[in-house]
Number of protein chains: 2
Amino acid sequence: MQIVIIGSGNVAYHLAKAFVLNNIPLAQIFGRNETELHKISEELNIPYSTEKLEDANLYIICVSDSSVENVSKIITKKDCLVVHTSGSLPKEILVGAYRKSSFYPLQTFSKSKELDYEKIPFFIETENEEDKAILFDIASKISNNVMESTHEKRKYIHLTAVFACNFVNHLFSRAKEISDSQEIPFDYFLPLIDETVQKIHEIEPKSAQTGPAVRNDARILQLHEQLLKDESLEIYKTMNHSIKKMYEL
Amino acid sequence: MQIVIIGSGNVAYHLAKAFVLNNIPLAQIFGRNETELHKISEELNIPYSTEKLEDANLYIICVSDSSVENVSKIITKKDCLVVHTSGSLPKEILVGAYRKSSFYPLQTFSKSKELDYEKIPFFIETENEEDKAILFDIASKISNNVMESTHEKRKYIHLTAVFACNFVNHLFSRAKEISDSQEIPFDYFLPLIDETVQKIHEIEPKSAQTGPAVRNDARILQLHEQLLKDESLEIYKTMNHSIKKMYEL
């Protein structure tokens, strides 16, 4: 099986690394960004190109959602399987006469952060049983958690992930902005943050809620609003409103 | 040293437990809620009362911020130290002729979740060096991380904690609401959530940001908005607006 990864960003890098670590050979990593491709190629010992796409049975497109459609057009081969790794796009976004599938790893990827690939849930959608078998076989070499998912369900998986990961990380950024402004080391908050997450492994997040909003403590809420401005104030008001609504306060 | 804890909620329970586990004797746990006091008393083997406050050198008030002032009035003794455990209130909220201090544990407390007390940062503010020595001595038996903090700084520590913990937990609640609506098990998201937090132990949250907003992917943002309503839609818009502002998109 000849496999090519297209892209040189966070997902491309980590998938390529997961493949290499699990002895799944990659024929090429293809993309536009020569600097990044060169780095990945050096680290993982995979051929790369910015010009000539290698012939393959499976192309894995790992580019941003807004580029998937255009990038898919460069694959002119017919007898092959092409997958994208987007949480929100349908497999039909892929434009070509090849077989189309979705191959979605539910994780947050940054090049500078190592990952435990075997815990990453993979969600797969194919046109037929043969392609399903191919992709399950590959994903199962990387991860213990491979599942089928329709596009409809996958959209909601991605949306949930945006709340549970992307927005959570942004709250950490805004939190750090507040602590930095008072020269309070952000490290102080790491035990609290760790515990916030450990808690929801054991109890429902709705039962784990603490803080001034769920206590409906108007005095503290007012005090905090006076300390905030701009986007952080907006977040503060929106989140507290939502907490009060959820607990009918 | 005679020590009394006042309150029967999450903070009262966990502080009492941390004291007992570290062989700091408690003379009494005092409060209004007999059911909860009885449970704590049974588990930790501490005398309790709802009526007669035991004579002590140190009273630790662990009640909600809005009740601290009123509760502090029941302590009529003069030659004693009274502390509250609030992140946002000044020590002067305590009404009495006794010495006043703040004793703030930076953690999220739920009775049903066990805690590693030695990692909890304690922030202490006192009227004099003697009281500082008393409270540092006690807190250091529980935790490796005991510091002084002015009220001014403590307010910002609490505010940062609201973003980094209370709001993060609420995002988990809203995320679970979305996945529940599609019968997607919330367990799928735990590796992603764990990784989101592990990441910020190694890299700045601002550098760790991923997702459609920071990629400025209008198509996905629009798609997601169509899947959401009410408070979750408001959160979605507010968070994305804030992300775009932070990255100047």
Side-chain angles (χ1 to χ4, degrees), chain A residues 64-66 88 106-108 110 112-113 119 121 153 156-157 159-176 178-179 182 184 188-189 191-193 195-197 199-200 202-203 205-206 208-211 215 217 219-220 223-224 227 231 234-235 238-239 242-243 245, chain B residues 64-66 88 106-108 110 112-113 119 121 153 156-157 159-176 178-179 182 184 188-189 191-193 195-197 199-200 202-203 205-206 208-211 215 217 219-220 223-224 227 231 234-235 238-239 242-243 245:
Chain A
S64 66
D65 287 9
S66 51
S88 290
L106 177 61
Q107 190 47 281
T108 170
S110 295
S112 58
K113 174 67 178 67
K119 284 189 196 155
K153 192 161 256 185
Y156 282 96
I157 294 171
L159 182 59
T160 305
V162 168
F163 277 71
C165 163
N166 304 150
F167 290 171
V168 164
N169 185 74
H170 185 61
L171 284 178
F172 295 148
S173 294
R174 290 294 181 194
K176 185 168 187 297
I178 296 166
S179 61
Q182 304 299 313
I184 301 160
Y188 290 179
F189 301 91
L192 173 69
I193 289 170
E195 172 63 16
T196 303
V197 164
K199 252 182 164 177
I200 61 153
E202 295 182 26
I203 48 182
K206 196 171 171 184
Q209 189 64 49
T210 57
R215 289 195 305 267
D217 190 331
R219 178 175 179 158
I220 302 297
L223 168 77
H224 283 171
L227 303 178
E231 283 74 37
E234 282 311 305
I235 291 173
T238 303
M239 295 301 290
S242 178
I243 292 169
K245 276 278 183 180
Chain B
S64 65
D65 287 10
S66 53
S88 289
L106 177 60
Q107 190 48 282
T108 170
S110 294
S112 59
K113 173 67 178 69
K119 283 188 196 156
K153 191 161 257 186
Y156 283 96
I157 294 171
L159 182 59
T160 305
V162 169
F163 277 71
C165 163
N166 305 149
F167 291 170
V168 164
N169 184 75
H170 185 60
L171 284 178
F172 296 148
S173 295
R174 289 294 181 194
K176 186 168 184 299
I178 296 166
S179 61
Q182 306 297 314
I184 301 160
Y188 289 179
F189 301 91
L192 173 70
I193 289 169
E195 173 63 17
T196 304
V197 164
K199 251 182 164 178
I200 62 153
E202 295 182 26
I203 49 183
K206 197 172 171 183
Q209 189 65 48
T210 56
R215 291 194 305 266
D217 191 332
R219 179 175 179 158
I220 302 298
L223 169 77
H224 282 171
L227 302 178
E231 284 73 39
E234 282 310 307
I235 290 174
T238 303
M239 295 300 290
S242 178
I243 292 170
K245 276 278 184 180

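FYI, side chains are in, hydrogens and waters are out, and symmetry mates aren't considered; it's all heavy atoms of this structure. Letters A, B, ... are given to chains in the order of the sequence lines, protein chains preceding strands, and every chain is numbered from 1.
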Side chain / backbone / both / neither for [X] at chain A, heavy atoms under 4.5 Å:
{"X": "B:Q182", "result": "both"}
{"X": "B:L171", "result": "both"}
{"X": "B:D65", "result": "both"}
{"X": "B:P121", "result": "side chain"}
{"X": "B:L159", "result": "both"}
{"X": "B:L223", "result": "side chain"}

For chain B, find which of A:T210, A:N169, A:I220, A:I178 contributes the most heavy-atom pairs closer than 4.5 angstrom.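 Winner by heavy-atom pair count: A:N169.
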
Do you know which of A:L192, A:I203, A:D217 has the most heavy-atom pairs with chain B at a distance under 4.5 angstrom?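 Winner by heavy-atom pair count: A:L192.
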
For residues [X] and [Y], report the shortest heavy-atom separation together with the two atoms involved.
{"X": "B:K206", "Y": "A:S173", "value": "N-OG, 3.4 Å"}
{"X": "B:L106", "Y": "B:A161", "value": "CD1-CB, 3.7 Å"}
{"X": "B:I157", "Y": "A:F189", "value": "O-CE2, 3.3 Å"}
{"X": "B:G211", "Y": "A:N166", "value": "CA-OD1, 3.2 Å"}
{"X": "A:T160", "Y": "B:A175", "value": "CG2-O, 3.3 Å"}

Relative to chain B, which segment of [X] carries a heavy atom at a distance below 4.5 Å: side chain, backbone, both, or neither?
{"X": "A:I243", "result": "both"}
{"X": "A:V162", "result": "side chain"}
{"X": "A:E202", "result": "side chain"}

Give the member of [options] that has the highest number of heavy-atom pairs under 4.5 Å with chain A.
{"options": "B:S112, B:S64, B:S88", "value": "B:S88"}
{"options": "B:R219, B:K119, B:K245", "value": "B:K245"}
{"options": "B:R215, B:E234, B:K176, B:Q209", "value": "B:Q209"}

Can you tell me if B:T238 and A:T238 form a side-chain donor-acceptor pair at under 3.5 Å?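 A pair is found: one side chain offers a donor N or O, the other an acceptor, under 3.5 Å apart.
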
Is a side-chain donor-acceptor pair under 3.5 Å present for B:T196 with A:T108?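 Result is no, nothing qualifies.
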
When rounded to the nearest 0.5 angstrom, what is the spacing between CZ in A:F172 and OG in A:S179?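 A:F172 atom CZ to A:S179 atom OG measures 12.0 Å (nearest 0.5 Å).
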
So, does B:R174 use its side chain to make a donor-acceptor pair with the main chain of B:I235 at under 3.5 Å?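 Looks like no, no N/O pair under 3.5 Å.
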
